[in-house]
There are 2 protein chains.
Amino acid sequence: MKVLIVEDDPLHRSYLHEAVNAALPECDTVIEAENGTAGEKLARDHKSAHIVMDLQMANRNGIEAARTIWKERPETRILFWSNYSDEAYVRGVSRIVPDGAAYGYVLKSASDERLKLALRSIFIESQCVIDREVRGLQQKSLGQTNGFTDSEYEILVDIALGLTDRAIAKRRGLSLRSVQNRLQQLYDKLDVYQTAGDDHEDGRFNLRARAVTVALLRKLLNYSALERAEAELQEWLDGK
Amino acid sequence: MKVLIVEDDPLHRSYLHEAVNAALPECDTVIEAENGTAGEKLARDHKSAHIVMDLQMANRNGIEAARTIWKERPETRILFWSNYSDEAYVRGVSRIVPDGAAYGYVLKSASDERLKLALRSIFIESQCVIDREVRGLQQKSLGQTNGFTDSEYEILVDIALGLTDRAIAKRRGLSLRSVQNRLQQLYDKLDVYQTAGDDHEDGRFNLRARAVTVALLRKLLNYSALERAEAELQEWLDGK
DNA sequence: CAATAAGCTGCGGGTTTACGCAAGACGGCG
DNA sequence: CGCCGTCTTGCGTAAACCCGCAGCTTATTG
């Protein structure tokens with residue numbers, strides 16, 4: 001068995017290396033990549049079936065890399081190993097995992113033991129292992145209770161990118177008014193109407209901008225999500 | 001000599017611990033904190049004069065911690081050790097360093113050698129050591145060439161927080177029109193006027209929202225800067 | 001000191017947002 | 001089938017935003 005490690009940080013990389021060796025005696029080769037681009041290449045060259053992947057890398061983040069890898073070989077098993085459990089990441093990952101694929105999401109703060117267990121479960125038993133904390137988010141986000149609909153999330157991203165209502169309407173194939181309706185839902189859920197100081201005249205926020213900030217502060221959005229969204233936007237713009 | 005290490009990640013923490021031991025034989029005690037809050041407390045209790053501090057920690061980030069520490073004892077020497085050289089961090093740090101204080105900014109990607117040198121220079125020789133890459137940013141940012149004025153940066157933050165023009169005017173003691181002037185400068189510098197697809201009717205951005213996103217993508221802003229700004233905003237709101 | 005530069009401010013108007021109101025459209029469900 | 005909730009769309013309005021124009025106040029400089 002061969003395992004590919006894709007991880008930015010040299011310290012974490014060597015820690016992972018050791019953890020893999022310890023947890024998987026049946027693994028004879030470990031290869032390492034230090035960013036997403038290199039990771040994709042190695043995965044392709046080695047036809048890797050077992051990957052441990054960091055999210056949040058400078059060059060090309062884990063979600064992007066995983067997406068292209070899974071596109072080429074959907075049965076690849078990937079364990080995401082991340083510092084954070086931002087809803088943006090969780091949503092980003094579950095957006096790209098192919099049907100029936102085995103994958104995992106473990107936080108870097110997890111114990112050695114838990115990491116080892118996850119490695120065995122995913123790579124040997126083909127089971128999905130999702131960190132408890134992450135799992136919570138996932139449910140909240142997918143079950144719409146208290147969470148955001150996909151359409152709401154979509155608009156959130158669109159205004160975060162700085163599109164006008166009209167542009168959003170065009171992009172999503174809606175009328176102007178519908179876009180504005182969704183915006184209102186969004187403002188509602190994000191609770192952006194706080195009086196901002198005193199209730200009276202000067203206390204209001206710019207809802208549009210405020211919504212984005214609140215979403216960022218709540219980790220509904222993060223840098224990597226913006227980055228991806230921006231790339232998609234450019235693609236769409238080029239496509240016409 | 002005593003050294004305090006404030007760092008989230010256990011791996012990095014122990015790496016730092018070793019590095020300190022290796023670089024500073026004259027150091028007899030090393031204490032560790034795993035977040036900003038604990039760091040502040042330890043610094044106070046031990047009257048620490050030598051600190052290595054991570055930026056970007058979950059509980060309370062390095063800039064906040066450093067600020068209160070320096071407020072209590074401005075002659076403290078602090079070495080910031082960070083993953084990133086975002087302009088937002090650089091600006092945040094140089095905003096809080098007291099006159100004449102010795103401090104350093106070294107990236108985690110730096111070699112062991114460089115880290116050791118920095119430790120000795122700052123803690124023993126009381127010199128400032130700024131990573132080359134960071135230094136570049138600093139100059140660009142402070143020398144206004146191609147960089148942003150403080151007042152422009154201020155407005156950027158204000159719209160990022162979601163304030164209305166009027167609210168900004170009140171907060172900064174300006175007229176509405178002046179605020180809008182600054183906004184225009186900002187839009188100009190951020191180059192937000194890109195036609196977004198086709199030049200004609202539907203292709204425009206919402207400048208306000210777009211400016212924030214562009215700033216984020218360019219690392220002029222980042223999560224931690226937003227977090228701090230939001231805290232300050234709340235303070236101001238409470239203060240009236 | 002005059003002159004040029006840079007920033008603040010009011011005025012005015014064109015555009016975009018936020019949103020109430022109300023009329024369809026679609027999909028269950030008893 | 002008729003009722004109901006959710007989603008979409010158009011119309012209309014008040015507010016906010018973007019910005020050109022022009023008069024004023026401070027610095028900076030030769």
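All chains are named by letter (A, B, ...) in the order of the sequence lines, taking the proteins before the strands, and each is independently numbered beginning at 1.
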How many whole angstroms separate atom [atom1] of [X] from atom [atom2] of [N]?
| X | N | atom1 | atom2 | value |
| --- | --- | --- | --- | --- |
| Ile155(A) | dC7(D) | CD1 | C1' | 13 Å |
| Tyr193(A) | dT17(C) | OH | P | 15 Å |
| Leu207(B) | dA16(D) | CG | P | 18 Å |
| Leu176(A) | dG12(D) | CG | C1' | 14 Å |
| Leu186(B) | dG7(C) | CG | P | 14 Å |
| Asp188(A) | dG20(C) | CG | C1' | 14 Å |
| Phe205(B) | dT16(C) | CZ | P | 15 Å |

*Does a side-chain N-to-carboxylate-O contact under 4.0 Å join Arg91(A) and Asp86(A)?*
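Looking at Asp86(A) together with Arg91(A), the answer is no, because their closest N to O distance does not fall below 4.0 Å.
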*asked:* Taking Glu232(A) first and then Arg95(A), would you say they form a salt bridge - that is, a charged N and a carboxylate O separated by under 4.0 Å?
replied: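 So Glu232(A) does not pair with Arg95(A) through a salt bridge.
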Side chain of [X]: nearest nucleotide among [options]?
| X | options | answer |
| --- | --- | --- |
| Gln184(B) | dC19(C), dG20(D), dC17(D) | dG20(D) |
| Ser178(A) | dC19(D), dT9(D), dC8(C) | dT9(D) |
| Arg177(B) | dC21(D), dA18(C), dT16(C) | dC21(D) |
| Thr164(B) | dC17(D), dC11(C), dG10(D) | dC17(D) |
| Arg166(A) | dC18(D), dT16(C), dC19(D) | dT16(C) |
| Leu174(A) | dT9(D), dT9(C), dA18(C) | dT9(D) |
| Arg182(A) | dT8(D), dC19(D), dA18(C) | dT8(D) |

*State, without any angle test, whether Gln180(B) and Gln184(B) hold a side-chain donor-acceptor pair at a distance under 3.5 Å.*
no
*Side chains of Asn59(A) and Thr37(A): donor-acceptor distance under 3.5 Å anywhere?*
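Distance-only check passes for Asn59(A) and Thr37(A).
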*asked:* Would you say Gln180(A) places a side-chain N or O within less than 4.0 Å of OP1 or OP2 belonging to dG20(C)?
replied: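 No, Gln180(A) has no side-chain N/O under 4.0 Å of OP1/OP2 on dG20(C).
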*asked:* Let me spell it out: for each of Asn206(B) and Ser175(B), pick the nucleotide of DNA chain C with the closest heavy atom. Which residue's pick is nearer the 5' end?
replied: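 This one resolves to Ser175(B).
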*asked:* Mind checking if Asn181(B) touches a base, just sugar-phosphate, or nothing, with heavy atoms under 4.0 Å?
replied: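 The residue Asn181(B) makes base contact.
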*asked:* Does Lys108(B) form a salt bridge (charged side-chain N to carboxylate O under 4.0 Å, His left out) with Glu7(B)? I'd like the steps, not just the answer.
replied: CA-CA 12 Å; Lys108(B) 289 193 180 178; Glu7(B) 161 71 68; 3.2 Å; yes
